[in-house]
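Labels below follow one simple rule: chain letters A, B, ... track the order of the sequence lines, proteins then strands, and each chain is numbered from 1.
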Number of protein chains: 2
Amino acid sequence: MCDQCNYENLLSNADLVATTNRIQVLEIVGNNTFPLSAGDIYAILERTSSINRVTVYRILDLLVEHGVVDRISTGGRAFYYGIAPNEHHKPHPHFYCRICGQMDCLSPESVTVDIAPLLKTYPGRIEKVEIRIDGICKNCAKVGKK
Amino acid sequence: MCDQCNYENLLSNADLVATTNRIQVLEIVGNNTFPLSAGDIYAILERTSSINRVTVYRILDLLVEHGVVDRISTGGRAFYYGIAPNEHHKPHPHFYCRICGQMDCLSPESVTVDIAPLLKTYPGRIEKVEIRIDGICKNCAKVGKK
DNA sequence: ATTGCATGTGCAACTTAATTGCACTTATGG
DNA sequence: CCATAAGTGCAATTAAGTTGCACATGCAAT
Ligand SMILES: [Mn+2]
Ligand SMILES: [Mn+2]
Ligand SMILES: [Zn+2]
Ligand SMILES: [Zn+2]
């Protein structure tokens with residue numbers, strides 16, 4: 001297991017004390033193969049822990065602020081969270097199903113982007129490029145809900 | 001003024017009765033050079049009209065559903081709305097300032113995207129590709145808020 | 001003209017996701 | 001041990017959007 005996959009290291013590398021709550025939140029985000037909402041994360045945690053809902057929000061904010069976790073917008077009302085891009089985890093687009101709310105990670109190669117022209121001309125500070133595909137996932141398409 | 005720039009035509013072409021309220025909402029969205037939130041749109045409208053807040057939300061939903069208006073997600077909590085892509089209005093990315101919440105339309109050429117590989121392999125239905133750049137706009141960068 | 005119906009709108013109440021204020025707890029250095 | 005800061009819990013609040021239901025308006029069939 002590499003340094004980047006050890007959640008305690010990920011936290012301390014980001015100048016964050018590795019508290020039990022933080023580790024647990026980060027484990028859920030990191031072990032999941034697709035991004036989850038704060039509500040999803042809390043629902044999973046509360047089965048085994050007595051962590052407070054607000055603490056989950058605060059930890060997620062903190063992890064986003066320190067670049068450990070990525071806050072991903074959806075076609076819906078809640079944010080989703082996934083491990084932030086790093087050397088072991090290339091930036092990649094996501095697919096959001098407008099029926100079931102499930103978010104998929106797409107391979108970095110599935111969509112190619114070039115923001116060079118923007119970088120040359122944009123007068124503000126660019127911090128993040130988010131690419132999201134919206135539609136209906138395989139499962140929901142099968143069920144035939146249009 | 002072309003057909004696509006006449007808002008009453010835009011509505012009837014989308015099989016929507018051109019009521020005063022719908023025209024007014026569409027005018028605000030269409031005449032603006034950058035996307036606005038439902039709250040922004042309502043704030044502008046209520047100065048001169050007695051339209052209800054809920055009606056604004058319902059009209060925006062309807063316009064999105066009929067492909068007249070585009071619902072754009074941000075790095076923040078509210079959706080923004082702009083004229084949907086059409087032959088006079090190419091799809092383009094947006095910039096969202098995390099400080100002031102202002103959203104800019106970027107030129108279609110500023111970012112190039114190729115989703116061909118995804119289209120070949122993705123098993124669900126793809127309805128929309130959204131590209132959003134987050135960061136700090138020129139004005140807010142100047143003020144020096146980090 | 002009167003009725004019936006569908007569409008459009010207004011208003012109050014509600015929901016969801018997230019945030020805030022403040023108190024309590026835990027960890028750490030002196 | 002104490003002082004302080006960091007971390008957490010809980011209740012209340014907010015922001016954005018949604019829902020239910022009543023009223024209004026337009027139009028077609030009688
Ligand atoms: Mn991902
Ligand atoms: Mn635009
Ligand atoms: Zn789905
Ligand atoms: Zn700004």
[atom1] of [X] versus [atom2] of [N]: gap in Å, rounded?
| X | N | atom1 | atom2 | answer |
| --- | --- | --- | --- | --- |
| A/Arg53 | C/dT19 | CZ | P | 11 Å |
| B/Arg77 | C/dA17 | CZ | C1' | 6 Å |
| B/Arg22 | C/dG10 | CZ | C1' | 15 Å |
| A/Phe79 | D/dG17 | CZ | P | 11 Å |
| B/Leu60 | D/dT18 | CG | P | 10 Å |
| B/Asn52 | D/dG17 | CG | C1' | 13 Å |
| A/Leu62 | D/dT8 | CG | C1' | 13 Å |
| A/Leu36 | C/dA17 | CG | C1' | 16 Å |

Look at the side chain of A/Tyr57 and decide which nucleotide, out of C/dT19, C/dG8, D/dG7, has an atom nearest to it.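 Closest nucleotide to the A/Tyr57 side chain: C/dT19.
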
Ignoring the backbone of B/Thr19, work out which of D/dA11, C/dG10, C/dG8 is nearest its side chain. C/dG8

Which of these passes side-chain contact (heavy atoms from CB on, under 4.5 Å) with B/Leu10: B/Leu26, B/Leu63, B/Val69? B/Leu26

Mind checking if B/Ser50 touches a base, just sugar-phosphate, or nothing, with heavy atoms under 4.0 Å? sugar-phosphate

Need one value for A/Asp40: base, sugar-phosphate or nothing, where a base atom within 4.0 Å counts as base even if backbone is also close, heavy atoms only. nothing

Upstream residue (5' side of DNA chain D) when A/Asn21 and B/Arg58 are each assigned their closest nucleotide: A/Asn21

Shortest non-hydrogen contact from B/Val29 to B/Tyr81?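 That would be CG1-O, 4.0 Å.
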
Identify whether NZ of Lys or CZ of Arg in B/Arg71 sits under 6.0 Å from the centre of the six-membered ring of B/Phe79 and within 45° of that ring's axis.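 Yes, cation above the ring, under 6.0 Å and within 45°.
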
Euclidean distance, A/Ser110 OG relative to B/Asp114 CG, rounded to 0.5 Å: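 These two atoms lie 10.0 Å from each other.
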
Spatial distance of atom CG (A/Asn52) from atom CD (A/Glu46) [nearest 0.5 Å]: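 Reported value, rounded in 0.5 Å steps: 10.0 Å.
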
With nearest nucleotide decided by heavy atoms, which residue, B/Val54 or B/Thr20, maps closer to the 5′ end of DNA chain C? B/Thr20

